[in-house]
Every structure is written in structure tokens, then in C-alpha cells.
Undergrad: 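First the structure, then my questions, so here it is.
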Protein chains: 2
Amino acid sequence: MTAPRAEIARAEVMCRERGVRLTDQRRRVLEILCAAGRPVGAYEIMDAMREGPRVVAPPTVYRALEFLLEQGLIHKIESLHAFVGCDHPEHPHSSEFLICLECGDVAELKDDAVERSLASVTRESGFLPRRRVVEVMGICARCARKEECARKEEADRVRGLVD
Amino acid sequence: MTAPRAEIARAEVMCRERGVRLTDQRRRVLEILCAAGRPVGAYEIMDAMREGPRVVAPPTVYRALEFLLEQGLIHKIESLHAFVGCDHPEHPHSSEFLICLECGDVAELKDDAVERSLASVTRESGFLPRRRVVEVMGICARCARKEECARKEEADRVRGLVD
DNA sequence: GGACGACATGATATCTTATAACGTGCCGAC
DNA sequence: GTCGGCACGTTATAAGATATCATGTCGTCC
Ligand SMILES: [Zn+2]
Ligand SMILES: [Zn+2]
Ligand SMILES: [Zn+2]
Ligand SMILES: [Zn+2]
């Protein structure tokens with residue numbers, strides 16, 4: 001929830017270099033996504049924008065999202081119908097996510113092993129990839145540890161009762 | 001569009017073995033998916049079911065889909081909001097798809113290279129995977145060939161005009 | 001400076017996808 | 001027989017996304 005100054009500044013520069021306009025609406029959406037640091041749905045973004053001066057309608061949000069996606073500044077997470085700011089938008093890349101079912105945390109993979117293995121599989125079959133969606137739902141390391149502790153405590157408690 | 005007798009028979013056996021019920025509604029949905037041989041949306045399935053004796057409402061379709069997903073008889077393609085019958089449901093597996101943007105054809109990968117590289121990446125980070133979504137959008141081999149031919153013909157035509 | 005065109009936004013309506021909530025009927029266990 | 005679990009019916013509504021047309025904004029060209 002830190003102010004996403006750095007991300008915005010970076011985006012400004014990238015857009016200027018490319019000759020595209022990071023307008024108020026687009027910047028606002030990017031700010032909301034970066035500040036959240038988690039997947040946010042389009043309608044939630046819309047609500048967040050309402051807090052400002054004016055009311056916005058769905059197309060406004062979706063248009064801003066479309067632009068940010070094109071520029072590689074954000075990613076869409078298909079399995080959540082939600083969007084996240086990109087960690088490292090400097091170079092265009094396909095995104096891969098680890099999504100925690102417990103705490104909702106989302107981590108963007110930077111490793112390209114998956115990308116390479118996908119590339120080799122598709123090349124073999126003559127398929128020309130354009131966009132990749134790789135999303136793994138599961139339990140993140142932190143939640144796994146927490147659950148492990150809880151299990152232990154429970155076991156201890158039961159042992160205590162039996163004694 | 002072949003009659004999906006084999007798939008249905010196989011599903012019947014699997015359900016019996018597991019002690020779960022492949023009811024009329026569930027079988028009907030599976031038939032529609034297998035017969036289509038392409039991704040089909042829930043509401044399209046609903047329309048297909050209407051052709052039969054009775055009217056069905058969305059929850060009926062979604063409940064059947066939920067059951068079939070649980071039993072591994074079908075997969076959901078997140079990026080299309082659609083469902084497909086599974087090629088090889090005998091052993092539970094996570095699904096990986098190549099989706100053609102041109103003709104809409106969907107191929108389920110059987111190769112497990114992607115699965116393995118994903119597994120190693122997630123293991124390293126202490127993440128416990130539950131469900132994987134791997135969907136690659138692009139141009140299938142057949143459409144790529146077709147486009148290649150079209151490009152050649154166009155080039156020939158232009159050469160002809162210049163001459 | 002004024003006309004024009006490209007692009008961005010506003011506003012309204014509608015469409016698609018998915019689920020909540022509650023009731024009914026079937027069937028086997030006891 | 002009745003009880004409980006499960007599948008299904010029915011109605012309503014939530015949630016996500018897009019189509020369409022009007023309006024505004026801004027730089028360019030004359
Ligand atoms: Zn990224
Ligand atoms: Zn977690
Ligand atoms: Zn499968
Ligand atoms: Zn194709």
C-alpha cells in the first residue's frame with residue numbers, strides 16, 4: 001500500500017518514449033493497481049475512482065485497462081477476472097502467476113523456465129504463440145507455514161486432552 | 001461432431017467406480033461438450049439443452065459443469081469462459097491448451113514438460129500448487145500454413161500486376 | 001486565429017457470465 | 001414410515017464486459 005511513485009514515474013517515461021499518452025484516467029487506474037499490490041477487479045477500480053471528483057462508468061475503466069495492457073504496464077489474471085500492476089514493465093514479457101487461495105497474494109514469476117518449455121512444446125507442434133496465460137492456484141509459502149503451525153498446535157492440544 | 005459414444009461410456013464406468021452419479025443432466029452436458037469438440041460456453045450449452053424436452057436454467061448447467069470438472073471429465077478454459085471435454089480423463093491431470101485465434105480450434109497438450117518446469121519453479125519458492133491454468137493463444141499449424149499460402153498468392157498477384 | 005481530424009472520454013443501455021437462496025422430489029438407511 | 005442427503009427446479013440478482021453514440025480536447029495545417 002505504499003504510494004506507487006516509482007511505478008508511475010517509470011510509466012510516464014515509457015509512455016513518453018513511445019509517443020503514447022498516459023492520461024489522467026489511465027494514470028489513476030495504474031496508481032490504484034500499483035497501490036493495491038494485489039489483483040483488483042474492474043468494478044473495484046471503478047469504485048476507487050469514484051472517490052475522486054467525478055463519477056466514472058465501466059467503459060472508462062475498461063478503456064484505461066486496455067491501454068495499460070497494451071503498454072505492458074499491467075497484467076490481467078484470467079482466473080480471477082482481475083488486474084495487477086506489472087513488477088518489471090521495462091521489457092515486454094508474458095506473465096506467469098502464483099496465486100494463493102488462502103491469503104489472495106499474487107506473485108509474478110520472473111523465471112523463464114516455464115516460458116522456454118512452453119516455447120519448445122508449441123514450436124514442435126507448429127503453433128505460433130501470441131499470448132500466454134499461466135496461472136497456478138495454490139498455497140503460498142507463508143500460508144503453508146502458518147497451516148503447518150496450526151496443525152502442530154492442534155496435535156499438541158489433542159495430546160494434552162488425552163493425557 | 002462424431003457421436004461421443006466412447007467418451008460417454010468411459011465416463012459412465014468412471015463414475016460407477018467412484019460411486020458418484022452421472023445423472024441425465026450431467027450426461028447431457030458431457031455429450032454436448034464432447035460432440036462439439038471445441039470450447040462451448042455455459043449459456044450455449046443451456047441453449048443446446050433446451051432443444052430437448054424441458055427448459056433448463058443457468059444453475060442447472062453450472063451444477064452439471066461443476067460436477068464434471070470435479071470428476072476431471074471436462075476442463076474450463078478461463079480465457080474463453082468456456083468448457084471442453086477432456087481427451088483422456090482416466091488419470092487426473094492439469095490441463096494445458098493451445099488455442100487458435102484464427103479458427104478457434106483448441107488442442108490439449110499431453111506433454112508434461114510444462115508441468116514439470118512449473119512444478120520445479122513452484123517447489124523452489126515453497127508454493128504448494130493445487131490447480132494450474134496454462135492457456136496459449138496463437139495461430140495453429142493449419143491456419144499458419146493457410147496464411148502462408150495466402151501471402152504467397154498475394155505476392156504472386158502483385159508481381160503479375162507489376163510485370 | 002480558425003477549421004479539421006485523431007484521439008480520449010462521457011453517458012446510456014445492454015449483453016454475457018455466474019451465483020445466491022429457497023423449494024421440491026427422489027431414494028436409500030435405519 | 002420418516003429421516004437425511006442429494007440432485008434438480010425456479011426466481012432473482014450479482015458481477016464482468018461491451019456496443020453505441022455524443023461530447024470534449026488538443027495539436028496540426030492553412
Ligand atoms: Zn509483468
Ligand atoms: Zn497465502
Ligand atoms: Zn484433460
Ligand atoms: Zn487455426
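The chains referred to below are lettered A, B, ... by the order of the sequence lines, with proteins before strands, and numbering in each begins at 1. Here the structure is a predicted model, which means the values were calculated and not measured.
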Undergrad: Please give, in whole Å, the distance from C:dG10 C1' to A:Arg28 CZ?
TA: 17 Å
Undergrad: Spell out protein contact along nucleotides 20-30 of chain C as letters: B when the base is contacted, S when just the sugar-phosphate is, - when no protein heavy atom is under 4.0 Å; keep the 5' to 3' order.
TA: B----------
Undergrad: Looking at CD1 of A:Ile139 and CD of A:Glu102, how far apart are the two atoms once the value is rounded to the nearest 0.5 Å?
TA: 5.0 Å
Undergrad: So which atom in A:Leu33 and which in A:Gly85 form the shortest heavy-atom distance, rounded to 0.1 Å?
TA: CB-N, 4.1 Å
Undergrad: Just N and O in the side chain of A:Lys76: are any of them under 4.0 Å from OP1 or OP2 of D:dG16?
TA: no
Undergrad: My understanding is that a hydrophobic cluster links ILVMFWY residues whose side chain heavy atoms are under 4.5 Å apart, including indirect links. Using that, what else belongs to the cluster containing B:Val13?
TA: none
Undergrad: Separation of B:Leu69 atom CG from C:dT17 atom P, in whole Å?
TA: 16 Å
Undergrad: Is any side-chain heavy atom of A:Leu73 closer than 4.5 Å to a side-chain heavy atom of A:Cys15?
TA: yes
Undergrad: Does A:Thr23 put a side-chain nitrogen or oxygen below 4.0 Å from OP1 or OP2 of C:dT9?
TA: yes
Undergrad: Would you mind reading off the distance between A:Met46 atom CE and C:dT12 atom C1', rounded to a whole angstrom?
TA: 13 Å
Undergrad: In terms of ring plane angle, is the pair A:His81 and B:His81 parallel, tilted or perpendicular, where the classes change at 30° and 60°?
TA: parallel
Undergrad: Less than 4.0 angstrom between a side-chain N/O of A:His81 and OP1 or OP2 of D:dA15, yes or no?
TA: no
Undergrad: Toward the 5' end of DNA chain D, which comes first, B:Gln25 or A:Leu80, by nearest nucleotide?
TA: B:Gln25
Undergrad: At less than 4.0 Å, is any side-chain N or O atom of B:Tyr62 found next to OP1 or OP2 of C:dA18? Yes or no.
TA: yes
Undergrad: A:Arg26 has a side chain; which of D:dC8, D:dA17, C:dA8 sits nearest to it?
TA: C:dA8
Undergrad: Can you tell me how far C1' of D:dG5 sits from CZ of B:Phe67, to the nearest Å?
TA: 15 Å
Undergrad: Between B:Tyr43 and C:dT17, does any side-chain N or O lie under 4.0 Å from OP1 or OP2?
TA: no
Undergrad: Parallel under 30°, tilted from 30 to 60°, perpendicular over 60°: which one fits the rings of B:His93 and B:His75?
TA: perpendicular
Undergrad: A:Leu68 CG to C:dA8 P: how many Å, rounded?
TA: 12 Å
Undergrad: Please check if any side-chain donor atom of A:Glu135 sits under 3.5 Å from a side-chain acceptor atom of A:Ser79, or the reverse.
TA: yes
Undergrad: Can you measure B:Gln71 atom CD to D:dC6 atom P for me and round it to whole angstrom units?
TA: 14 Å
Undergrad: Figure out the CD/C1' separation between A:Glu44 and D:dA14, and round it to whole Å.
TA: 15 Å
Undergrad: Looking at the side chain of A:Pro58, which of D:dA17, C:dA18, C:dG10 is the nearest nucleotide?
TA: D:dA17
Undergrad: To the nearest Å, give me how far apart CG (B:Asp24) and P (D:dG9) are.
TA: 10 Å
